[in-house]
Chemist: 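Mind having a look at this structure? Questions to follow.
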Amino acid sequence: MTYALVLNSGSSSIKFQVIDPHADAEADPKASGLVEQIGEPQGQITLKTGGEKFTLNTEIPDHSAGLSLAFELMEEHQVGPKDLDISAVGHRVVHGGMLFSHPEVITDEIIDMIRDLIPLAPLHNPANLDGIEVARRILPDVPHVAVFDTGFFHSMPPAAALYAINAEVALNNGVRRYGFHGTSHEYVSQQVPALLGLPAQAVNQITLHLGNGASCAAIRGGEAVDTSMGMTPLSGLVMGTRSGDIDPGIVFHLARNAGMSIDELDTLLNKQSGVKGLSGVNDFRELRKMIEAENQDAWLAYNVYIHQLRRYIGSYMIALGRVNAITFTAGVGENDRYVRADALAGLEPYGIKIDPERNAAPNTGAREISTDDSAVKVFVVPTNEELAIAQYAVELANRG
Ligand code: AMP
């Protein structure tokens with residue numbers, strides 16, 4: 001049996017999974033874990049394998065030490081690179097800019113190109129590169145593959161991708177809509193034609209990735225034609241802690257009148273806004289409890305979230321003209337039946353009818369939640385970005 005190692009490196013953390021790329025989408029990975037608090041006095045590594053969880057607390061000075069320690073912990077439990085046949089390493093890379101539309105086998109040249117994109121993702125791409133460099137050093141004989149979060153949206157038409165700001169300024173600074181969560185939107189949308197019994201080319205669909213981060217996409221015949229995230233993952237839907245779309249004039253207003261710095265505004269809009277900014281919590285399970293306890297802030301936050309979601313669904317229905325399917329995915333989309341019901345409530349005149357019983361059924365894989373006579377089918381399809389990255393990595397590695 002061969003496996004892929006999937007790495008998602010952040011500035012102070014590394015998420016890892018060891019996955020059989022041919023496994024069922026619902027199967028647990030062979031191993032998964034998290035290296036946290038890299039660079040802080042006390043770091044932590046957790047490993048889950050065979051239904052058990054193991055933890056190691058120690059100082060982790062940098063990514064190199066973090067990954068080495070993670071491999072040691074994996075080897076202690078016989079799931080490390082020395083115990084298993086790891087045939088490829090897949091790396092999640094946040095920003096592929098205009099340079100990458102598809103996953104790529106990593107070479108020195110590809111690393112330079114990812115480095116060139118740092119101005120577009122100053123926090124994410126350097127951390128992704130750290131992970132790539134360390135993993136290539138530790139596993140030099142295995143192909144490494146970069147999978148870009150923006151890749152799926154590379155083909156968006158200019159009308160959807162361009163912002164109406166000065167063309168020269170935009171061009172010189174890479175200002176355009178790139179979109180994110182591409183691996184998830186692609187993975188989920190690829191399953192929909194089979195659920196509909198239609199060829200992929202014939203399917204127009206909307207995918208709603210509603211997790212702590214949230215985005216939606218309009219997809220025609222397998223090609224993305226619009227998405228809600230933009231140059232950065234801050235725009236579009238209301239999210240757990242991110243504002244989503246706001247009037248850009250608010251930024252000037254707060255800088256001029258509240259004396260907020262660029263960094264303070266960045267923190268405000270990315271970490272202190274969204275559902276959390278309005279209600280104090282970002283987890284929809286807590287939000288639901290607060291709504292049930294008649295907390296007005298929670299109710300308002302929920303309504304703002306739903307209102308914005310419906311705005312996007314409506315605009316993508318118009319953009320696509322004909323819609324075969326709307327699909328919910330990610331933590332909120334897969335689990336929160338209230339969000340699903342409210343996002344599509346009252347849309348019977350548009351051919352969208354949710355079946356309340358199907359919608360309330362327990363979370364069991366890919367399933368239809370619309371009525372048999374709903375013209376637009378509504379699905380819940382669990383996302384699995386790591387599995388998708390593992391599959392790309394092995395496919396490209398086998399291609400040589
Ligand atoms: P993700 O970013 O896809 O991992 O989604 C994480 C979010 O999903 C959490 O912050 C919760 O808001 C939400 N979530 C997870 N499980 C549930 C659940 N059972 N019911 C409602 N929301 C959930």
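Since the model is a prediction, treat every value here as computed from it, not as a measurement. These numbers come from the heavy atoms of this one structure, side chains and all, not from hydrogens, waters or symmetry mates. In each ligand, atom 1 is the first atom listed, and ligand 1 is the first ligand listed.
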Chemist: Gly331 versus ligand 1: do any nitrogen or oxygen atoms come within less than 3.5 Å of each other?
Modeler: yes
Chemist: List the atom of Ala397, the atom of Ala88, and the distance in Å for their closest heavy-atom pair.
Modeler: CB-CB, 3.8 Å
Chemist: Looking only at protein heavy atoms, identify the closest one to atom 11 (C) of ligand 1 and say how far it is in Å.
Modeler: Asp283 OD1, 3.5 Å
Chemist: Compute whether any side-chain donor of one residue and acceptor of the other, for Gln272 and Thr241, lie under 3.5 angstrom apart.
Modeler: no
Chemist: For ligand 1, which atoms, with element, lie under 4.0 Å from some heavy atom of Asn282?
Modeler: 12 (O)
Chemist: As an exercise, identify every atom of ligand 1 less than 4.0 angstrom from a heavy atom of Gly211.
Modeler: 1 (P), 2 (O), 3 (O), 5 (O)
Chemist: State, without any angle test, whether Asp62 and Ser64 hold a side-chain donor-acceptor pair at a distance under 3.5 Å.
Modeler: no
Chemist: Go through ligand 1 atom by atom and flag the ones less than 4.0 Å from a non-hydrogen atom of Val332.
Modeler: 8 (O), 12 (O), 13 (C)
Chemist: Could you walk me through whether Thr329 and Glu334 pass the side-chain hydrogen bond (donor to acceptor under 3.5 Å, both in side chains) check?
Modeler: CA-CA 5 Å; Thr329 193; Glu334 290 167 31; 3.2 Å; yes
Chemist: Nearest 0.5 Å, please: how far is CE in Met239 from OG in Ser273?
Modeler: 10.5 Å
Chemist: Which protein heavy atom lies closest to atom 2 (O) of ligand 1, and at what distance to 0.1 Å?
Modeler: Asn212 N, 2.9 Å
Chemist: Considering the heavy atoms of Phe284, write down every atom of ligand 1 situated less than 4.0 Å from one of them.
Modeler: 11 (C), 12 (O), 22 (N)
Chemist: Among all the protein's heavy atoms, is there at least one whose distance to atom 4 (O) of ligand 1 comes out below 4.0 Å?
Modeler: no
Chemist: Which atoms of ligand 1 sit under 4.0 Å from any heavy atom of Ala330?
Modeler: 3 (O)
Chemist: For the residue pair Leu287 and Ser279, what are the closest heavy atoms and their distance?
Modeler: CD1-OG, 3.5 Å
Chemist: Checking a contact table here: which protein heavy atom is nearest atom 19 (N) of ligand 1, and how many Å away?
Modeler: Asn335 CB, 3.4 Å
Chemist: So among Ile45, Leu47, Thr46, which one has a side chain to side chain contact (heavy atoms under 4.5 Å, CB included) with Thr55?
Modeler: Thr46
